[in-house]
Student: 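Let me begin by handing over the structure; questions about it come next.
Below, chain A is the first sequence line, B the second, and so on; all start at residue 1. The structure displayed is predicted, hence computed values, not measured ones.
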Amino acid sequence: MRKHLLEVADLDRADATLVLDTTAQIEQALAGREVKKLPTLRGRTVVNLFFEDSTRTRISFELAAKRLSADVINFSAKGSSVSKGESLKDTALTLEAMGADGIVVRHSASGAPHRLAQWVQGSVVNAGDGTHEHPTQALLDAYTIRQRLGRLDGVRVAVVGDVLHSRVARSNVGLLTTLGAEVTLVAPPTLLPVGVETWPVTVSYDLDAVLPKADVVMMLRVQAERMNASFFPSAREYSRRYGLDGRRMAVLPDDAIVMHPGPMNRGMEIAAEVADSPRSTIVAQVGNGVSVRMAVLYLLLGGAPE
Amino acid sequence: MTLIKNVKPYGEEAVDIRITDGRITEMAPGLDGDDVLDGAGLIALPGLVDLHTHLREPGREDAETVETGSRAAALGGFTAVHAMANTDPVADTAGVVEQVWRLGQEAGLVDVVPVGAVTVGLGGTQLAELGAMADSAARVRVFSDDGHCVADPALMRRALEYVKALDGVVAQHAEEPRLTVGAQMNEGERSARLGLTGWPAAAEEAVIARDVLLAQHVGARLHVCHVSTAGSVDILRWAKARGVQVTAEVTPHHLLLTDELAETYDPVYKVNPPLRTDADVQALRAGLADGTIDAVATDHAPHAVEDKESEWAAARPGMLGLEQALSIVVQTMVEPGLLNWRGVADRMSVRPAAIGRLETHGRPLAVGEPANLLLLDPAHSAVVDPAALASRSRNSPYAGRELPGRVVATFLRGVPTVLDGKAQK
Ligand SMILES: [Zn+2]
């Protein structure tokens with residue numbers, strides 16, 4: 001494992017598999033325990049540095065660190081907007097003075113965790129940076145797929161929606177292909193980045209053609225405001241062409257699962273009947289998120305597992 | 001009076017050059033005299049002329065002043081620089097351009113030639129008083145809203161027409177603003193992966209295509225700033241073949257660096273227009289070699305530490321260039337055999353002086369001409385240390401790079417502004 005987890009490219013196949021296996025071990029170790037806590041990171045300090053609001057991700061990391069017995073500091077730097085850029089450097093120096101062992105950073109600017117990693121001694125974990133990456137989300141998604149389908153190699157994953165603005169999509173493309181899955185991106189051409197043809201994926205504009213051959217459908221959040229910049233004509237048209245409803249879910253193979261990184265726009269990219277169906281892994285993803293983040297913090301801060 | 005012994009004008013046969021009263025008075029072998037400067041192994045070139053310098057004064061004296069920028073320019077071998085108008089206040093009146101011009105005279109290291117804004121406050125809606133700036137002591141001939149594109153086609157047409165009466169030229173920062181909202185780097189494979197909003201080549205090329213057609217339609221002179229894409233070179237080549245009065249410049253950084261550097265997320269590599277692909281770099285070099293691109297211009301853009309030591313999106317675009325420009329041209333154009341030394345003189349002195357209508361710069365190294373010249377040691381190479389630069393800012397993208405060539409001396413009207421690689425004031 002490298003020192004930081006800034007993007008999924010920091011993980012080769014062996015590293016990624018180690019994270020998933022460690023996650024499974026942690027879940028076993030905690031199963032049936034009354035006190036869900038391991039002493040592994042006692043005496044270590046983890047700082048949650050959130051420049052962007054994301055209660056669910058922050059709570060997930062906080063819980064993960066606390067379950068490993070680390071001291072957790074929540075440093076909410078919201079309001080330090082991108083226009084006040086120097087605050088990132090100042091904050092880094094403050095954390096450095098505090099002696100943070102691990103820094104979990106969420107930032108609206110792509111690459112902010114990379115900058116931070118240049119200024120601090122501790123390990124930096126990217127908890128989502130702009131439209132770049134969200135590597136622990138991809139790890140928890142991979143873990144969830146493996147848990148439900150028993151494998152990742154050869155699994156056919158359709159990632160559907162606003163790929164252009166999605167850090168979740170970027171991380172999942174990198175990690176899932178590293179782990180042997182076959183990824184198809186499905187979106188209107190306006191929501192795919194220029195240069196996507198160089199990615200190790202198949203691209204389709206036609207959701208109906210992709211669904212019968214998908215083992216996993218990963219729906220991305222689509223903001224209705226995108227229509228104001230002409231990425232699509234209207235929320236209704238988007239939903240009609242790229243939304244996952246009961247009719248579309250019916251053409252999926254029997255074992256196929258439906259994923260969503262949350263928060264969902266019910267009725268936009270995903271219908272309520274799909275989100276709440278047995279195929280949906282959305283609740284499992286949240287729980288797995290804590291375990292995967294425990295594994296990441298453990299491997300970065302606690303050394304190799306026994 | 002100075003006598004430079006055994007120096008090679010344009011890298012050709014070594015001669016002695018005598019400078020008296022600001023002019024070259026003799027060029028021949030075996031001259032005798034006092035105040036001798038040994039030019040053995042050195043190449044003499046006409047003093048360089050920069051069409052595109054940001055000196056930041058007035059307004060951002062923490063990043064650069066006319067004096068510190070002039071010193072950087074002299075050290076780079078320049079004898080004249082055009083000071084861009086995006087200062088605070090904007091150089092859009094005779095008063096501001098005269099202030100900048102006067103500060104340049106006081107510094108006395110290079111001729112600082114103010115550029116006037118095309119529109120009031122760079123606002124892109126109303127023509128600034130171009131005639132007043134042209135008639136001022138600063139004698140403005142180049143007009144530019146650089147930093148912003150004159151995006152309104154009707155306004156651009158009027159500006160092109162209007163400056164005909166002033167023997168002026170509009171220098172366009174070609175960037176269709178609607179195509180570059182929030183743009184951070186070249187749009188392509190890398191921007192897609194890095195999650196940085198793309199700046200498409202078409203946003204530059206579309207404006208250049210429009211403007212060359214407008215310039216032809218109204219019979220005016222157009223200059224295109226910092227051309228950065230292969231497509232732009234193609235359009236310029238086509239326009240010149242059609243007889244359009246268009247000239248263009250390329251920056252040193254676009255001749256050397258590519259968007260690969262954005263992968264560091266270090267905003268020292270953030271610039272507008274952005275660093276492009278290797279294919280673009282090759283096309284720009286070819287365009288400069290065949291004369292489609294007329295000039296190298298630095299787009300020297302000093303920035304204070306806090307404007308660069310941040311996350312990429314928060315940083316200001318721009319990089320230093322004056323002190324390394326000639327070295328980069330040596331590395332990218334001379335060493336690969338794309339330009340000889342006369343070619344360097346043409347693209348870095350003769351043509352930019354002609355575009356800016358400077359009468360005493362860009363002149364040949366010949367008896368009777370103004371003694372604006374530099375001496376280059378082509379055999380020397382050094383690693384760039386931003387802390388050692390004369391600029392007040394440190395945002396050099398060349399830190400740690402070994403670059404060839406060293407400016408040993410620069411003369412402005414016969415007075416040495418640089419000797420032994422050191423500024424004389
Ligand atoms: Zn510009």
Student: Is any NZ, NE, NH1 or NH2 atom of the basic residue among A:D15 and A:R13 found under 4.0 Å from an Asp or Glu carboxylate oxygen of the other?
Tutor: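 Salt bridge flag = no for A:R13 with A:D15.
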Student: Which one of B:A262, B:P267, B:S191 has the most heavy-atom pairs closer than 4.5 Å to chain A?
Tutor: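 The candidate making the most pairs under 4.5 Å is B:P267.
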Student: Between A:K89 and B:E306, is the closest basic N to carboxylate O distance under 4.0 Å?
Tutor: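 No.
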Student: Considering only heavy atoms, which portion of B:T197 lies under 4.5 Å from any heavy atom of chain A: side chain, backbone, both, or neither?
Tutor: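 It is neither, since no heavy atom gets under 4.5 Å.
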Student: So which of A:S110, A:G195, A:P113, A:P193 has the biggest tally of heavy-atom pairs under 4.5 Å with chain B?
Tutor: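 Of the options given, most contacts go to A:S110.
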Student: For A:Q118, which atoms come within 4.5 Å of any heavy atom of chain B: side chain, backbone, both, or neither?
Tutor: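 Just the side chain, heavy atoms under 4.5 Å.
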Student: Is it the case that over 12 heavy atoms from other parts of the model lie below 6.0 angstrom from the CZ atom of A:R241?
Tutor: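 Not buried by this count: 12 neighbours or fewer within 6.0 Å.
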Student: Quick one: what part of B:D307 sits under 4.5 Å from any heavy atom of chain A, side chain, backbone, both or neither?
Tutor: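 When you check distances to chain A, no heavy atom of B:D307 falls under 4.5 Å.
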Student: Considering only NZ, NE, NH1 and NH2 on the basic side and carboxylate oxygens on the acidic side, decide whether A:R167 and A:E52 come within less than 4.0 Å.
Tutor: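 Looking at A:E52 together with A:R167, the answer is yes, because their closest N to O distance falls below 4.0 Å.
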Student: Under 6.0 Å from the six-membered ring centre of B:Y265 and within 45° of its axis: does the NZ or CZ of A:R115 meet both?
Tutor: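 Ring-cation test returns no.
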